[in-house]
Protein chains: 2
Amino acid sequence: MLLRIDPASSVPLFEQLAASVRSEASRGNLRAGDRLPAARDVAGSLDINIHTALRAYQLLRDEGLVDLRRGRGAVVTDRVAHYSELGEAIPRLVASAKEIGVGVHTLTAMIRQEYGS
Amino acid sequence: MLLRIDPASSVPLFEQLAASVRSEASRGNLRAGDRLPAARDVAGSLDINIHTALRAYQLLRDEGLVDLRRGRGAVVTDRVAHYSELGEAIPRLVASAKEIGVGVHTLTAMIRQEYGS
DNA sequence: CTATTGTTCTATTTGTACTAGCACAATAGC
DNA sequence: GCTATTGTGCTAGTACAAATAGAACAATAG
């Protein structure tokens with residue numbers, strides 16, 4: 001489990017942390033039943049506030065990627081399989097967007113638009 | 001040119017307006033050389049501030065979708081062709097994301113993550 | 001029973017997003 | 001040239017979100 005964040009980035013810390021976990025999931029480095037490190041530990045090693053780490057975990061719980069229970073921590077759910085599926089489709093779209101010079105903001109905005117309709 | 005916004009949405013007005021223009025582009029309703037309505041007109045008919053309309057246009061200029069010149073207005077560039085390409089690839093990805101129950105926020109976050117690496 | 005782990009609540013500080021008004025500058029078209 | 005049109009720059013207020021913090025609490029594991 002390689003969790004990384006960049007304090008200098010404009011992306012919120014909790015989003016970065018959640019993205020880092022998703023990235024592990026989409027690369028197949030996480031399996032259903034695996035347990036993520038305790039929020040307090042993550043906060044300690046990344047030098048962020050516990051609440052910030054918890055918020056990332058809660059975001060992942062809302063997505064359904066992990067179950068969150070007191071005393072037990074964050075446990076990866078079955079849905080992790082879906083993430084590795086997307087882990088193949090997404091790079092293709094991103095690659096073609098980069099080729100034609102469409103930026104990340106534009107791409108995500110177009111996806112939001114398509115998703116909403 | 002059908003430009004729509006939803007004042008009740010949490011998405012910024014200028015983003016909505018820009019998305020609306022992109023949508024027209026990706027559907028093939030815009031061609032290189034076409035001129036968008038003047039920002040003041042758009043602002044007037046959508047009942048938003050001129051700056052908000054202008055900001056949408058400036059966003060599209062930064063993307064390269066339009067040229068912006070005083071007195072002349074916003075003119076669609078050649079890059080509009082790329083948008084209609086994505087207009088085919090994006091719906092496929094979005095459809096599969098919806099199928100497996102991955103939300104729009106998660107999907108765009110994963111794309112951001114992939115794009116950055 | 002005890003340590004571990006997430007939950008809830010309140011509060012504060014800080015920074016950014018969004019919108020807006022006003023004056024200005026460049027272009028188009030007559 | 002003149003004039004209306006159109007985008008630009010500057011300034012600022014309001015509102016919201018991020019991040020941190022402390023404290024007390026509740027469920028689970030072993």
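Residue numbers begin at 1 in each chain, while the letters A, B, ... track the order of the sequences. Values below: all heavy atoms of this structure, side chains included; hydrogens, waters and symmetry mates excluded.
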Visitor: Less than 4.5 Å apart, side chain to side chain, heavy atoms only: is that true for L68(B) and Q58(B)?
Guide: yes
Visitor: Considering only side-chain heavy atoms of A38(B), which listed nucleotide, dA21(D), dA29(D), dG7(D), is closest?
Guide: dG7(D)
Visitor: Nearest whole Å is fine: how far is dT27(C) P from D67(B) CG?
Guide: 13 Å
Visitor: In whole angstrom, give the distance that lies between atom CD1 of I48(A) and atom C1' of dA21(D).
Guide: 14 Å
Visitor: For V11(A) and R69(B), find the nucleotide of DNA chain D closest to each by heavy atoms; which residue's nucleotide sits nearer the 5' end?
Guide: R69(B)
Visitor: Would you kindly say whether R22(A) and S26(A) are connected by a side-chain donor-acceptor distance under 3.5 Å?
Guide: no
Visitor: Quick one: is dT8(D) close enough that its OP1 or OP2 comes under 4.0 Å of any side-chain N or O from Q58(B)?
Guide: yes
Visitor: Output the rounded distance in Å from CG (D47(A)) to C1' (dA19(D)).
Guide: 13 Å
Visitor: Report the distance from atom CG of L59(B) to atom C1' of dA17(C), rounded to the nearest whole Å.
Guide: 14 Å
Visitor: Has N49(B) got a side-chain N or O lying under 4.0 Å from the OP1 or OP2 atom of dC18(C)?
Guide: no
Visitor: Expressed in angstrom and rounded to an integer, what is the separation of F14(A) atom CZ from dT20(D) atom C1'?
Guide: 14 Å
Visitor: Would you mind telling me which of dT5(C), dG6(C), dA18(D) lies closest to the side-chain atoms of L68(A)?
Guide: dG6(C)
Visitor: Is the count of non-hydrogen atoms from other residues, nucleotides or ligands lying under 6.0 Å from D6(A) atom CG greater than 12?
Guide: yes
Visitor: Nearest-Å distance, CZ (R61(A)) to C1' (dT5(C))?
Guide: 14 Å
Visitor: What's the angle between the local helix axes at either end of the helix from dC1(C)-dG30(D) to dC30(C)-dG1(D), using five pairs per end and rounding to 10 degrees?
Guide: 50°
Visitor: Between dT28(D), dG7(D), dT20(D), which nucleotide gets closest to the side-chain atoms of Y57(B)?
Guide: dG7(D)
Visitor: Among dG6(C), dA20(C), dG7(D), which is the nearest nucleotide to the side chain of T52(B)?
Guide: dA20(C)
Visitor: Roughly, in whole Å, what's the span from CG in L60(A) to C1' in dG6(C)?
Guide: 14 Å
Visitor: Within the 3.5 Å criterion, strictly below it, is a donor on H82(B) or E99(A) matched to an acceptor on the partner's side chain?
Guide: no
Visitor: Go through dT5(C), dT8(C), dA19(D) for me and flag the one nearest to the H51(A) side chain.
Guide: dT8(C)
Visitor: Please report the C-alpha distance between T106(B) and M110(B) in whole Å, then the side-chain angles of each, then the deciding distance to 0.1 Å, and finally whether the side-chain contact (heavy atoms from CB on, under 4.5 Å) criterion is met.
Guide: CA-CA 6 Å; T106(B) 301; M110(B) 291 180 80; 4.1 Å; yes
Visitor: From dT20(D), dA26(D), dT19(C), pick the nucleotide closest to the side chain of R70(A)?
Guide: dA26(D)
Visitor: Any chance the side chains of E63(B) and Y83(B) put a donor and an acceptor closer than 3.5 Å?
Guide: yes
Visitor: Please examine the side chains of E114(B) and R92(A), heavy atoms only from C-beta on, and report whether any two atoms are closer than 4.5 Å.
Guide: no
Visitor: Do L65(A) and L30(A) have side chains that approach each other closer than 4.5 Å (heavy atoms only, starting at C-beta)?
Guide: no
Visitor: If each of I50(A) and E15(B) is mapped to the nucleotide of DNA chain C with the nearest heavy atom, which maps nearer the 5' terminus, i.e. the 5' end?
Guide: I50(A)
Visitor: Counting only side-chain heavy atoms from C-beta out, which of dA19(D), dA18(D), dT19(C) sits nearest to L13(A)?
Guide: dA19(D)
Visitor: What is the distance, to the nearest angstrom, from the CD atom on Q16(B) to the C1' atom on dT19(C)?
Guide: 14 Å
Visitor: Looking for any heavy atom pair under 4.0 Å, which part of the strands does L54(B) touch: base, sugar-phosphate only, or nothing?
Guide: base
Visitor: Just checking R40(A): base, sugar-phosphate only, or nothing, at a heavy-atom cut-off of under 4.0 Å?
Guide: base
Visitor: With a 4.0 Å limit, can you tell me whether R72(B) has a side-chain N or O closer than that to the phosphate oxygens OP1/OP2 of dA4(D)?
Guide: no
